[in-house]
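Each remark here refers to the structure printed beneath this line.
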Amino acid sequence: MSQKNKLLLFVLIGVVLAVLPHVALYFGQGWVRIIDLALLYVMLALGLNIVVGYAGLLDLGYVAFYAVGAYMFALLASPHLWDNFQWIAQTFPNGLHTPIWVVVPLAAGLAAIAGVLLGTPVLRLRGDYLAIVTLGFGEIIRVFMNNMEHPLNITNGPRGISGIDSMRIFGFNFGEALVIGDYRIPPVVLYYYLFLALVLLSILICHRLENSRIGRAWMAIREDDTAAKAMGINVRNMKLLAFAMGATFGGVAGSMFAAFQGFISPESFSLMESIMIVAMVVLGGLGHLPGVVLGALLLAALPEVLRYVAGPLQAATDGRLDAAILRQLLIALAMIIVMLLRPRGLWPAPEHGKAAPQPAAK
């Protein structure tokens with residue numbers, strides 16, 4: 001493809017992305033909300049792709065970093081701590097409304113620290129053993145958030161935290177509708193543009209990492225960490241860096257989720273969320289950015305699309321089939337069919353799994 005055609009394609013994609021939420025708005029704000037959450041899942045999938053796709057470390061507890069970022073934002077930008085701790089109420093008489101320039105980097109930093117804490121004890125583990133340990137880590141964080149209500153009420157337990165501030169950047173409040181003349185742009189559309197900007201930034205960062213010396217070191221570790229160590233790569237530090245970088249994406253996405261929802265609870269960070277994020281990366285194409293984005297968008301939208309299939313099927317069986325269980329069954333069947341037909345993913349990396357070159361004929 002020529003440079004002119006590439007530029008034209010990028011301009012066309014940009015116009016489609018800019019107009020998309022306004023077109024979806026005609027069908028209801030619920031559809032725009034689905035697109036917003038799909039963009040958050042893209043960000044999570046891009047972060048997990050660093051750990052699984054680049055470094056080859058199977059992480060089934062990635063949702064823990066998502067939860068850490070969400071709770072960090074919720075605690076520092078809601079009345080919860082102000083209501084439960086007298087000294088905080090005295091120190092901040094106008095309420096605890098931490099600016100995003102402080103709370104979002106804190107959420108990313110805390111998630112990165114959690115990633116290093118997870119990575120340190122599992123450096124020597126591979127395959128199934130690594131998956132089981134990371135799965136346990138994710139469940140520990142969820143149970144931890146669910147029980148930090150006594151003796152000090154920090155997370156409010158299973159009731160969750162509400163009244164979380166919306167995102168504010170340079171005085172612009174994404175939680176309030178923007179009126180331009182007679183046209184009213186609701187908050188879900190404003191959040192769409194914010195999440196889209198973060199996704200594009202995440203893609204740029206991942207692309208730069210993939211083509212950097214660090215990215216090549218991760219891929220060498222993915223193929224054979226013993227050979228990578230023999231070539232002089234510091235395998236220990238590179239694995240920890242992969243966990244920390246991937247967790248940072250989860251922390252930022254979690255803080256955006258908390259601001260977007262205005263309410264979080266431990267139920268939002270279940271094991272099924274981790275499995276779905278891993279499935280997005282695997283079904284899209286391990287280590288290939290376009291494939292990861294495609295997998296995340298499809299799996300994030302599929303449950304909502306299948307809602308219109310499960311409802312009529314439930315009605316046809318006089319309610320004997322539960323719609324939620326039926327949707328999960330249909331999602332699982334779709335994933336099985338895709339993996340049978342496309343075992344390397346919907347859009348795999350061109351060089352991944354390529355056959356060895358044939359020797360030149362004499």
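Keep in mind that the numbers below use all heavy atoms, side chains included, and drop hydrogens, waters and symmetry copies. Along the sequence shown, residues carry numbers from 1.
Each of V293 and F10 belongs to its own hydrophobic cluster when Ile, Leu, Val, Met, Phe, Trp and Tyr are linked at side-chain heavy-atom distances under 4.5 angstrom. Grouping the Ile, Leu, Val, Met, Phe, Trp and Tyr side chains by contacts below 4.5 angstrom, directly or via other members, places L25 with I180. Placement of I336 and L298 in two distinct hydrophobic clusters is found when ILVMFWY residues are connected by side-chain heavy-atom separations under 4.5 Å, directly or transitively. A continuous path of ILVMFWY side-chain contacts below 4.5 Å connects M256 to I205, so both sit in one hydrophobic cluster. Under the 4.5 Å side-chain contact rule for hydrophobic residues, L289 and L200 share a cluster.
The environment of Y129 atom OH is sparse: at most 12 non-hydrogen atoms of other residues, nucleotides or ligands sit within 6.0 angstrom. Other residues, nucleotides and ligands place more than 12 heavy atoms under 6.0 Å from the NE2 atom of H22. Counted within 6.0 Å of OH on Y183, heavy atoms from surrounding residues, nucleotides or ligands total more than 12; the atom is thus considered enclosed. Heavy atoms of other residues, nucleotides or ligands lying less than 6.0 angstrom from OH of Y193 number more than 12. By the neighbour-count criterion of 12 heavy atoms within 6.0 Å, atom CG of N211 is densely surrounded, having more than that number from other residues, nucleotides or ligands.
Taken to the nearest 0.5 Å, the CD1 atom of I35 stands 9.5 Å off from the CG atom of L297. With rounding to the nearest 0.5 Å, the separation of CG in L209 from CE in M245 is 4.5 Å. In this structure, L240 CG and L123 CG are separated by 5.0 Å, a value rounded to the nearest 0.5 Å. Atoms NE2 and OH, on H288 and Y54 in that order, are 9.0 Å from each other to the nearest 0.5 Å. Expressed to the nearest 0.5 Å, how far CG of L135 lies from CG of L271 amounts to 5.0 Å. Interatomic distance, CZ of R342 versus CZ of R344, reported as 8.0 Å (0.5 Å rounding).
Looking at W347 and V292, their side chains never come closer than 4.5 Å, going by heavy atoms from C-beta outward. Residues P158 and E149 meet the side-chain proximity criterion, which asks for heavy atoms closer than 4.5 Å. Counting heavy atoms from C-beta on, the side chains of Q261 and I164 never come closer than 4.5 Å. Side-chain contact between F144 and T155 is absent, with no heavy atoms from C-beta onward closer than 4.5 Å. Here the side chains of E210 and W218 are not in contact, with every heavy-atom distance at 4.5 Å or above. Contact check for V63 versus R142: no side-chain heavy atoms found under the 4.5 Å cut-off. Residues F243 and V51 form a side-chain contact, since some pair of their non-hydrogen atoms from C-beta on lies under 4.5 Å apart. At a threshold of 4.5 Å between non-hydrogen side-chain atoms, the residues D225 and K239 count as touching.
Side-chain atoms of Y192 come within 3.5 Å of backbone N or O of L17 as a donor-acceptor pair. For the pair H97 (side chain) and D165 (backbone), a donor-acceptor distance under 3.5 Å is absent. A donor-acceptor pair is defined here as one N or O able to donate and one able to accept, closer than 3.5 Å; no such pair exists between the side chain of K229 and the backbone of V235. A donor-acceptor pair is defined here as one N or O able to donate and one able to accept, closer than 3.5 Å; no such pair exists between the side chain of S78 and the backbone of G163. Distance alone, capped at 3.5 Å, places no donor-acceptor pair between the R168 side chain and the P99 backbone. Counting only distance, with no hydrogens or angles, the side chain of T98 and the backbone of A77 share no donor-acceptor pair below 3.5 Å. N84 places a side-chain N or O within 3.5 Å of a backbone atom of H80 that can act as its donor or acceptor partner. Here the side chain of W82 pairs a donor or acceptor atom with the backbone of F92 at under 3.5 angstrom. Under the 3.5 Å distance criterion, the side-chain polar atoms of Y71 are left unmatched by any main-chain donor or acceptor of I161. For the pair S255 (side chain) and V104 (backbone), a donor-acceptor distance under 3.5 Å is absent.
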Residue pair V23, W31: steps toward the side chain to side chain contact (heavy atoms under 4.5 Å, CB included) verdict: CA-CA 10 Å; V23 175; W31 286 102; over 6 Å; no
Full working for ring-ring contact (aromatic ring centres under 6.0 Å, His included) between Y66 and Y62: CA-CA 7 Å; Y66 189 38; Y62 188 73; 8.3 Å; no
Walk me through whether L204 and R208 qualify under side chain to side chain contact (heavy atoms under 4.5 Å, CB included). CA-CA 6 Å; L204 177 62; R208 299 286 291 182; 4.3 Å; yes
Stepwise side chain to side chain contact (heavy atoms under 4.5 Å, CB included) check, L12 with L8: CA-CA 6 Å; L12 181 62; L8 184 62; 5.8 Å; no
One pair to check against side chain to side chain contact (heavy atoms under 4.5 Å, CB included): V52 and V278. What are the steps and the verdict? CA-CA 8 Å; V52 179; V278 173; 5.5 Å; no
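The two residues I50 and F249 come nearest to each other via the heavy atoms CD1-CE1, 3.7 Å. Shortest non-hydrogen contact noted between I203 and L46 is CG1-CD1, 3.7 Å. Contact record, I221 with A55: CG2-O, 4.2 Å, taken as the closest heavy-atom pair. Heavy atoms only, all atoms of each residue included: L44 and G250 are closest at CD2-CA, 3.8 Å. The nearest pair of heavy atoms linking A67 to M145 is O-CE, 4.5 Å. Minimum interatomic distance between V116 and A244 (heavy atoms only, all atoms of both residues): CG2-CB, 3.9 Å.
Ring geometry for F257 against F269 counts as perpendicular: the plane angle is over 60°, on a 0 to 90° scale with 30° as the lower cut. In this pair, F195 and Y191 present their aromatic rings tilted. The plane angle is within the 30 to 60° band.
For the pairing with F65, the side chain to side chain contact (heavy atoms under 4.5 Å, CB included) check across D59, V252, L48 returns one residue only, D59.
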